[in-house]
Each structure stands twice: as structure tokens, then as C-alpha cells.
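For reference, the structure is listed below as C-alpha cells.
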Number of protein chains: 4
Amino acid sequence: MARTAGSHGARTAEAIRRAGLRLIFERGYEGMTLRDLAQAVGLQPGSLYNHIATKQALLFELVSEHMRTLTDALDAALAGVEGPLARLDAFVTFHVSYHLTRKVEVFVNNSELRSLEPDNREAIMALRRAYEQRLAAILAEGAQAGLLAVPDIPVTTYGILSLLTGVVTWYRPEGRLAEDEIVAIHRRLILDGLRGGGG
Amino acid sequence: MARTAGSHGARTAEAIRRAGLRLIFERGYEGMTLRDLAQAVGLQPGSLYNHIATKQALLFELVSEHMRTLTDALDAALAGVEGPLARLDAFVTFHVSYHLTRKVEVFVNNSELRSLEPDNREAIMALRRAYEQRLAAILAEGAQAGLLAVPDIPVTTYGILSLLTGVVTWYRPEGRLAEDEIVAIHRRLILDGLRGGGG
Amino acid sequence: MARTAGSHGARTAEAIRRAGLRLIFERGYEGMTLRDLAQAVGLQPGSLYNHIATKQALLFELVSEHMRTLTDALDAALAGVEGPLARLDAFVTFHVSYHLTRKVEVFVNNSELRSLEPDNREAIMALRRAYEQRLAAILAEGAQAGLLAVPDIPVTTYGILSLLTGVVTWYRPEGRLAEDEIVAIHRRLILDGLRGGGG
Amino acid sequence: MARTAGSHGARTAEAIRRAGLRLIFERGYEGMTLRDLAQAVGLQPGSLYNHIATKQALLFELVSEHMRTLTDALDAALAGVEGPLARLDAFVTFHVSYHLTRKVEVFVNNSELRSLEPDNREAIMALRRAYEQRLAAILAEGAQAGLLAVPDIPVTTYGILSLLTGVVTWYRPEGRLAEDEIVAIHRRLILDGLRGGGG
DNA sequence: CATGAATGAGCCTTCATTCAT
DNA sequence: CATGAATGAAGGCTCATTCAT
């Protein structure tokens with residue numbers, strides 16, 4: 001019985017990636033066994049090795065593919081947008097929207113960096129720094145142009161990213177607020193702060 | 001050789017907690033083995049069981065002790081502070097300061113909840129919600145009093161906590177900024193946002 | 001891409017035998033994987049099975065082919081040689097020369113008998129005994145004719161074979177001694193022993 | 001059930017070595033599984049690791065212990081023996097006797113060097129060369145003193161060792177010949193060769 | 001209290017072999 | 001004939017945990 005119905009090559013590889021992502025999300029990298037993964041895609045454990053090199057390589061592939069996709073999508077979202085305020089707006093909108101719809105990928109990306117072997121981790125950290133750098137550049141431009149009051153560029157960069165990325169920890173699609181409402185709230189928080197209306 | 005230097009009684013239990021915290025911080029709960037831990041405190045693995053019930057119990061103890069300490073310290077910091085603005089200020093100052101000096105505890109608390117067994121996790125989540133609730137209450141008071149412009153109380157609560165807690169991911173004691181500068185930056189971000197200086 | 005360069009038909013089978021022999025020599029039968037072997041001949045592992053029945057069958061074929069070739073070559077070397085002394089001389093010369101030039105085959109033959117399945121091993125042992133028997137017969141004739149002083153025929157037979165076959169463990173073609181010098185040394189050892197020269 | 005009756009510490013380690021030696025002799029290093037070994041000594045596979053570091057380390061220990069014992073025993077056998085002829089005699093007698101009674105150790109030592117990792121193999125080869133050197137020295141002295149006619153010292157050294165060591169391949173304690181008869185035959189082969197009695 | 005030795009479950013990975021295409 | 005993908009059986013090793021001493 002060499003082949004179970006309907007599972008040629010690339011389809012199987014894609015199924016492994018999908019199931020792997022979900023299992024790592026649910027149990028963590030160390031918590032997911034290749035036996036679990038094999039069962040999830042209907043294979044024997046050893047057969048996974050026709051599609052992945054090692055468990056670690058699968059994690060790295062998932063994580064680096066996400067980083068590449070994320071960065072490309074950001075660049076697309078910022079393309080043609082001019083002026084620091086508009087670009088900051090575009091960044092916030094993009095980042096929140098993207099994260100709301102990729103909860104699983106984002107969670108894995110943030111919580112499993114620790115499980116990457118040193119070289120792999122370094123490669124991902126570099127991609128991550130490149131992404132952060134785009135926000136830092138917007139803040140720097142805005143500050144220089146007198147359009148944004150940025151207390152400290154590195155700290156503000158990290159702060160905004162923490163704030164925005166935090167949505168994945170509580171967001172549920174069927175929740176009280178629509179996606180664009182959530183985006184709007186974060187835009188306001190970042191631009192205006194809480195200091196009191198009436199006063 | 002019945003006893004290695006410096007490991008008698010309660011002292012040993014404390015040494016285990018300390019070493020356990022650090023090892024979990026460095027390698028994650030699943031990544032830390034009891035053999036590692038035993039070696040770190042100069043015991044044989046089996047001897048740990050004179051001081052801890054199980055590996056899971058150790059994690060739970062570490063995490064819940066931190067939550068208790070954190071909440072108590074917050075209450076002390078807020079005690080006697082009146083008015084939403086002052087209380088928000090006190091919250092921000094406390095939270096950032098506390099997190100800067102408890103990097104390890106905080107990191108473990110955030111990244112290892114996943115490794116808690118369901119009941120244990122639920123207990124910690126309850127403590128965590130109680131902590132968050134104190135911030136939510138401040139925001140609610142402030143909004144009602146017209147002193148704070150809060151777009152949405154739950155989202156803002158989570159957002160502020162994400163923003164403030166984010167400092168542990170990059171902070172290093174020997175870094176460019178002093179603790180009170182970091183506090184000040186976050187206070188400004190939260191209260192005033194980035195919207196442009198002069199204009 | 002149905003066919004990699006240079007691997008059609010019987011040529012492929014021969015390439016497999018050659019590469020198999022070398023790999024078994026280098027890593028042992030258990031140490032050689034069919035993946036190694038496939039790669040060495042530019043095939044996928046599954047494709048080997050168009051040319052060999054099983055891994056074990058390949059080993060058996062290599063080993064038994066060697067035994068057949070060896071025995072035939074011995075018979076050719078002894079053909080027409082008359083008299084025990086001359087025949088012993090011919091045997092020693094042949095055995096050493098042949099082993100010097102077939103280091104790989106001989107090594108595999110001696111060290112991998114253990115990896116043969118019982119029936120296969122028995123078949124090879126029979127061939128081997130037939131080969132040994134030719135030497136035993138020469139010794140017996142020589143002893144009976146009073147031309148050779150053989151302390152014990154079976155022990156001497158095994159002893160001579162051990163002595164002569166031992167050359168494969170240290171011989172290197174580029175070494176200090178030429179092939180015929182090595183042959184001469186062994187002839188002297190066997191016929192004359194070490195007992196002291198002059199006096 | 002922490003401990004099965006009667007198997008404390010060192011006793012278990014010794015049982016593992018003994019069973020390991022026998023299993024490697026019977027199936028080869030690669031052919032022996034740690035599951036086999038564990039079962040042979042009545043343990044779970046993982047429990048072996050209380051006594052050995054790795055499978056490879058067990059092999060190395062067995063092999064190097066044998067080499068040490070062998071060399072020490074040779075030195076004892078040669079101690080006080082004077083003159084090349086007497087020393088050669090003592091060497092032959094010792095080597096054959098020792099090998100007859102340590103069939104298993106010798107076989108493992110000769111056939112499993114290949115399974116040693118490079119560093120370990122190099123260490124054993126050094127011990128082996130030291131052993132061989134003792135014979136080479138005897139031959140050299142004998143040749144220089146004109147008491148032995150040695151065609152070529154290195155080749156003769158290897159040759160004698162091959163001849164003598166060969167006994168382990170066929171010897172069975174219940175066989176036709178007593179130990180001292182086998183020793184005597186080999187002494188005669190080495191000293192006198194086969195050249196004919198009567199003439 | 002500490003130790004040493006044991007358990008039992010499980011993990012990642014390898015491998016000879018099969019077979020539809 | 002070759003390929004790619006699958007099977008099923010192991011294999012060396014790790015680990016939390018237990019317990020007699």
C-alpha cells in the first residue's frame with residue numbers, strides 16, 4: 001500500500017505545514033511530537049521525512065515564511081503612501097489587521113523563537129529587525145518634520161509594536177468589536193493618548 | 001557524603017526555586033530538565049522530590065508566587081493615591097518599574113502559562129484578571145469623570161498592559177536609559193500619544 | 001527525467017555491484033545503507049530494486065562471486081604444476097598475489113560473513129572449505145612423500161591461510177616492498193621458519 | 001518497584017559488560033541493540049544509562065580493557081626471560097594460550113575496531129601497535145644476534161601475529177587437540193617452517 | 001534528607017522495502 | 001526502468017518519577 005488516496009507530493013507537504021503550524025500553536029514546539037503531526041496528516045511518523053528535513057527545519061520554515069510574507073505585505077501596504085502621518089496610519093492599520101487574521105502564525109512567531117537553534121534564530125531576528133526598522137524610520141521622519149512628538153525612537157518603536165501585537169492575545173473573530181473598530185481604537189491610542197477630553 | 005555544602009532544609013528549597021526560575025527563563029519549562037535543576041543546586045535528581053512535589057508544581061508555585069507578590073505590590077503602590085489621573089500615573093510607574101527589575105519572573109509568567117495544566121492555568125488567569133481589573137477600574141473612573149479619553153475600556157486595558165509589559169523584551173540594566181527615563185517615556189506615550197508637537 | 005547519465009541496463013547492475021563492494025568495504029554491510037548505495041550510482045533508493053533482489057542478496061552475490069573467481073584462479077595457477085613442493089610454492093605465490101590485488105574483495109569476504117543469513121553463510125563456508133582443502137591436500141601429499149614436515153595438517157592449513165591472508169590488513173600498493181618481495185618473504189617464512197641463520 | 005532483587009551497582013555494571021561482550025561477539029556491535037542488552041541483564045533499556053554513557057562508550061571500554069589486560073599479561077609472561085630465542089618462545093606460548101582462552105574478547109577486538117569512532121579507534125590502534133612492537137623488538141634482537149633468520153622484520157611481525165591470532169577462528173575447547181599441543185605446533189611452524197624432514 | 005538505581009513511556013530519526021505512476 | 005512517496009519496524013537515548021537504603 002504505497003500511497004493513500006489523494007495525497008500527492010506538494011499537497012502532502014502543504015498539509016504538513018498547515019497541521020504543524022496549528023499543533024505548534026496549540027502545544028508549543030516542544031509539546032508537538034512528530035507522531036502527533038504524522039497522525040494529523042494521516043501518515044506514519046517516518047513518512048514525514050519525505051517532506052521535511054527535521055522537526056527544527058519545519059519550525060524554521062514556518063517562522064521564516066511568515067516573516068517574509070509579513071514584510072512583503074507591509075511593503076505593499078506602504079507603497080505609494082506619502083508623509084509620516086499617513087505612513088504611520090498605514091502601518092498601524094496594516095499591522096493590526098494582519099495580526100488579527102494571522103493569529104496562529106503570529107503567536108508561533110513570537111513564542112517559539114526560543115526553540116530555534118542559534119543560527120536559525122539569528123536569521124529570524126534579522127528579518128524581525130528589518131520589519132521594526134520600517135516603523136522606526138517612519139517615526140524618525142515624523143519627528144524630524146515636526147509632525148510627530150516621539151519621546152524616544154527606539155523605545156517608542158518597541159512600545160507601539162508591543163501594543164499592536166498584543167491584540168493577538170485576546171482577539172476572537174466572533175467578539176464584540178469588528179476589525180476596523182479595533183484598528184481605529186489603536187490608531188487613537190497611539191496618536192492621541194488618553195489625556196482627558198473634557199477637562 | 002550525605003550533604004553538599006549549603007543545602008540544608010529550607011535553604012535548599014529556596015535554592016531550588018531560584019535555580020528553577022532561572023533555568024525556566026533560559027530554556028523554557030519543557031526545556032529545563034530536573035537533571036539540570038538538580039545539578040544547579042548540587043543534588044541528585046531524586047533528591048529534588050524532598051522539596052517539590054512535581055515539576056509542574058514547581059512551575060505553578062513560581063508563577064503564582066509572582067502573581068501574588070505583584071498584586072500586593074501594586075496595591076501598596078496605589079494605597080492612598082486619589083484621583084484617576086494620579087492613580088493611572090502611579091499604575092504606570094509601578095508596573096514599568098516592577099517589570100524592569102523582575103525581568104526573569106515576568107518573562108516566565110508570560111511565556112510559560114501554556115505549560116501549566118488546565119486547573120493551574122485557570123488559577124493563574126484569575127489572579128491575572130484581578131490585576132488587570134485594577135487598571136480597568138482606573139480607566140473607567142477616569143472616563144466617567146471626564147478626565148481620561150478612553151476609546152474602549154477593555155481594549156485600552158489590554159493595550160496599555162501590552163505596551164508596558166513589552167519593556168521586558170528589550171530592557172537591559174546597563175542600557176542607554178535609566179529606569180525613570182523609561183518610566184517617563186511610557187507615561188507620555190500613554191497620556192499624550194504621538195500627535196504632532198508644534199504643527 | 002527518466003534516466004541519469006550512464007546508467008542503462010546491465011551497466012547499471014554492474015555499477016551497483018562495484019559501488020556496493022566499495023561501500024561495504026568502507027562501512028561494513030550494516031553500515032552501508034541502500035540510500036548511500038543509490039546515491040553512489042545516481043539512482044533513487046527504490047530504483048535499486050530493479051537490479052537487486054534485496055540488500056542481503058547483493059552481499060551474497062558479491063561474496064560468492066569472489067569465492068568462485070578465487071577458486072577458479074587457484075585451479076588455473078596449480079594446473080600442470082607437479083610435486084608437493086612446487087605446488088605449495090605455487091599456492092603461496094598465488095594466494096598472496098591474488099590477495100594483494102583484491103584487498104577490497106578479500107576484506108569484505110572475511111569480515112562480512114557474519115552478516116550473511118544462515119543459508120547463505122553455509123553456502124559460502126562450503127566454498128571456502130573447498131578452497132582450504134586444496135592446501136590441505138598439498139600438505140598431506142608433501143608429508144606423505146616425506147618432502148614436508150607438517151606438524152598437524154588441519155592446524156597447519158589454517159595457520160598458513162591466516163598468515164598469508166593477513167597481508168591484506170597492512171598492505172598498501174605504494175608501500176616499501178614490491179609484490180614479489182612480499183611473496184618471497186612469505187615463502188621463506190612458511191618453508192624455513194625463523195630458526196637461526198649462522199650459528 | 002525501584003530495584004529488582006540482588007542487583008546493586010557494580011554488580012549490574014559488570015553484568016552489562018559481560019552480556020555486552022557476548023552479544024557483540026554473537027551479533028556484532030551494530031547487530032546488538034541496547035534493548036537486547038537490557039533484556040539480557042534484566043533491565044529496561046533506559047536503565048542501562050545508569051551504567052554506561054553510550055553504546056559506543058561500552059564498546060570502547062570493552063576493547064580497551066582487553067588491550068590493557070593483554071599487554072600487562074604479556075609483560076608478566078616475558079618478565080625475567082632472557083635471550084631472543086627464549087623470549088620468542090615465551091611470546092608464542094603466551095599469545096596462543098591467551099587467545100585460546102579469550103576467544104570472545106579477541107574476536108570482538110579484531111572485528112569491531114571498525115565500529116569505533118575515529119578517536120577511540122586511534123587510541124586502540126596505539127595500544128595495539130605497542131603490543132606488536134614487543135614482538136618486533138624480539139625479532140630485531142634475535143636477528144642482530146644472529147640467532148634468528150628474519151626475512152623482514154615488519155612483515156614477519158605481522159605474519160606471526162596473523163598466524164597465531166588465527167587460532168581463535170577455529171578453536172573449540174572440546175576439540176581434538178589440547179592447548180599445549182596447539183602451542184607446540186605453532187612454535188614449530190614459526191621456528192622451523194615446513195621444509196622437509198627426510199630430504 | 002540524600003543517593004543511586006530503577007521504571008516506563010516516549011521522542012526524533014533511520015532504514016529496507018513496496019508500489020502506483 | 002526510474003521516481004517519489006509511503007510503510008512498519010526499530011533504534012539509541014532522554015526524562016519525570018519512584019523508592020530501598
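From a predicted model like this one, the values you see are computed outputs, not experimental measurements.
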Atom CG of C:L37 and atom P of E:dT17 are separated, to the nearest Å, by 12 Å
Can you check whether D:N50 has a side-chain N or O nearer than 4.0 Å to OP1 or OP2 of E:dG4? no
Rounded to whole angstroms, how far apart are CD1 on A:I16 and C1' on E:dC12? 15 Å
Distance check: side-chain N/O of A:T12 vs OP1/OP2 of F:dA6, anything under 4.0 Å? yes
Would you say D:S47 reaches E:dT7's phosphate, i.e. side-chain N/O to OP1/OP2 under 4.0 Å? yes
Check whether any side-chain N or O of A:Q44 sits under 3.5 Å from a backbone N or O of A:A38 as a donor-acceptor pair, and report yes or no. no
For the side chain of D:R35, counting heavy atoms from C-beta on, which of E:dT14, E:dA16, F:dG11 is nearest? F:dG11
Which nucleotide in F:dC13, F:dA16, E:dT17 has an atom nearest any side-chain atom of D:L34: F:dC13
Just how far, in rounded Å, is P of E:dC12 from CG of A:L48? 10 Å
Expressed as a whole number of angstroms, how long is the span from B:Q56:CD to F:dC15:P? 18 Å
Side-chain N,O (D:Q44) to OP1/OP2 (E:dG8) below 4.0 Å: yes
Is D:D119 atom CG crowded by more than 12 heavy atoms from other residues, nucleotides or ligands, each under 6.0 Å away? no
Starting at CD1 of B:I52 and ending at C1' of E:dA2, how long is that distance when rounded to a whole Å? 15 Å
Would A:R11 and A:E14 pass as an ion pair if we require N to O under 4.0 Å? no
Taking C:P45's backbone N and O only, do any of them form a donor-acceptor pair with C:R35's side chain (distance below 3.5 Å, no angle check)? no
Would you please name every residue forming a ring pair (Phe, Tyr, Trp, His ring centres under 6.0 Å) with C:F25, sequence neighbours left out? C:F107
I'd like to know if C:R27 and C:E112 make a salt bridge, using a cut-off of under 4.0 Å between side-chain N and carboxylate O. no
Could you summarise the pairing of DNA chain E as dot-bracket text, marking Watson-Crick and G-U pairs under 3.5 Å with ( ) or [ ] inside the strand and | across strands? .||||||||||||||||||||
Whole angstrom value for the distance that separates C1' of F:dA16 from CD of A:E30: 15 Å
Taking the nucleotide of DNA chain E with the closest heavy atom to each, which residue, A:T54 or C:P45, is nearer the 5' end? A:T54
Taking C:T169's backbone N and O only, do any of them form a donor-acceptor pair with C:K103's side chain (distance below 3.5 Å, no angle check)? no
Any side-chain N or O of A:H51 below 4.0 angstrom from OP1/OP2 of F:dG4? no
Donor-acceptor contact present, side-chain C:K55 to main-chain C:M32, <3.5 Å: yes
d(CD, A:Q39; P, F:dT7) in whole Å: 12 Å
Tell me the interatomic distance from B:Y49, atom OH, to F:dA20, atom C1', rounded to whole angstroms. 17 Å
Which nucleotide in the list E:dT13, F:dG12, E:dA2 gets nearest to the side chain of B:L43? E:dA2
Identify, between B:M32 and A:A10, the residue whose nearest nucleotide on DNA chain F lies closer to the 5' end. A:A10
Let me know, please, whether D:Y29 or B:G46 comes out on the 5' side of the other along DNA chain F by nearest nucleotide. D:Y29
